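Note that this is a predicted model, so its numbers are computed, not measured. Below, each value reflects all heavy atoms present in this structure, side chains not excepted, and no hydrogens, waters or symmetry copies. Each residue takes its place number in the sequence, starting with 1.
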Amino acid sequence: MSDTREYLAEGPRVGIRPFTHGDAAEFTARARESRELHHPWLFPPTTPEEYAAYAGRLIEDPTRAGFLVCEKETGAIAGYININNIVRGGFQSGALGYGAFAHAAGRGLMTEALNVVVRYAFGPLGLHRLEINAQPRNTASIALARRCGFRLEGFSPDMIFVDGAWRDHERWAITAEMVRT
């Protein structure tokens, strides 16, 4: 279990920090323990090789920012939130992806963490807009978007290829102006 206390940003119970290659063992073990929770929505890496490629993209690609959600009391990884497809210039936007691990699900940690990431994205990262694309039946993901103040902007049929098929998604978004500071 990681015990890093140097967070980029934090709330009362969670801190966010970048992915590192040294997190592979804990991350993949938690992903394997969480398969039932994640299926059919998410497929995080469950082997060291998959994790190395996944974390490498988050660490090296400037159009991505990956954050491990850690419980401040123990340092344990509770989940992850990634900002993908970051576009700069006049757009200043990114698309969020996230997942809780089974031991942390239902405890409000991801709500706190997503709010922390949103503030960090609109502050130090300089973004203006964040989007979440969630499958309509993924009620947990949609409830998280709602709790964190995202607004429903639309529906996209056959938007993202997930679990062997093109899946419909609801589009949720938040802008810097919508966030109470």
Side-chain angles (χ1 to χ4, degrees), residues 7-11 14-20 23 27 31 38 40-45 50-51 53-70 77-101 108-163 165-181:
Y7 299 118
L8 297 170
E10 54 190 274
V14 300
I16 59 167
R17 64 178 179 81
F19 277 72
T20 71
D23 294 306
F27 188 98
H38 292 157
W41 321 115
L42 300 172
F43 301 89
E50 291 171 347
Y51 179 86
Y54 178 77
R57 288 188 300 271
L58 292 168
I59 293 166
E60 297 165 17
D61 186 344
T63 67
R64 300 173 191 248
F67 306 98
L68 293 173
V69 175
C70 300
I77 299 172
Y80 57 95
I81 301 173
N82 301 327
I83 306 174
N84 300 297
N85 305 321
I86 296 172
V87 179
R88 296 295 182 175
F91 206 42
Q92 296 298 343
S93 181
L96 290 167
Y98 47 78
F101 289 128
L109 300 175
M110 289 302 288
T111 300
E112 183 179 320
L114 185 54
N115 283 322
V116 169
V117 168
V118 166
R119 286 191 307 273
Y120 187 78
F122 293 155
L125 290 182
L127 297 179
H128 175 259
R129 176 184 171 86
L130 294 170
E131 299 180 8
I132 294 171
N133 296 296
Q135 293 179 51
R137 292 184 314 132
N138 189 344
T139 57
S141 185
I142 290 170
L144 177 59
R146 277 192 182 112
R147 281 193 305 273
C148 292
F150 285 71
R151 66 178 172 230
L152 178 62
E153 290 192 333
F155 178 82
S156 297
D158 301 329
M159 182 180 184
I160 302 174
F161 195 77
V162 179
D163 198 25
W166 288 99
R167 308 289 180 183
D168 299 342
H169 282 72
E170 291 183 6
R171 294 186 324 276
W172 294 79
I174 195 167
T175 61
E177 294 82 6
M178 295 168 61
V179 176
R180 293 179 216 114
T181 51

[X] side-chain N/O to [Y] backbone N/O, donor-acceptor pair under 3.5 Å:
X	Y	value
N133	H169	no
E170	I142	no
H128	G90	no
D61	R57	no
E10	Y7	no
R167	D163	yes

(Q) Does the plane of the ring in F101 sit parallel, tilted or perpendicular to the ring in F27? Use 30° and 60° as the thresholds. (A) perpendicular

**Q.** Whether Y120 and F67 hold their rings parallel, tilted or perpendicular, with breakpoints at 30° and 60°
**A.** perpendicular

Q. Minimum heavy-atom separation for F122 to L127, with atom names?
A. CD2-O, 3.1 Å

Q | Exercise: identify the closest heavy-atom pair between Y98 and A145 | A | OH-N, 4.4 Å

Q) If we ignore angles and hydrogens, is there a donor and acceptor under 3.5 Å between the side chains of R129 and T175? A) no

Q: Classify the side-chain pair N82/Y54 by whether it contains a donor and acceptor separated by less than 3.5 Å.
A: yes

Side chains of [X] and [Y]: closer than 4.5 Å at any heavy-atom pair?
X	Y	result
L68	I16	no
D158	D168	yes
N85	T63	no
E131	L96	no
F155	P136	yes
I132	L114	yes

Q. Would you call D23 and R17 a salt bridge, using N to O less than 4.0 angstrom?
A. yes

Q. Considering residues, nucleotides and ligands other than R151, do more than 12 of their heavy atoms fall under 6.0 Å from its CZ?
A. yes

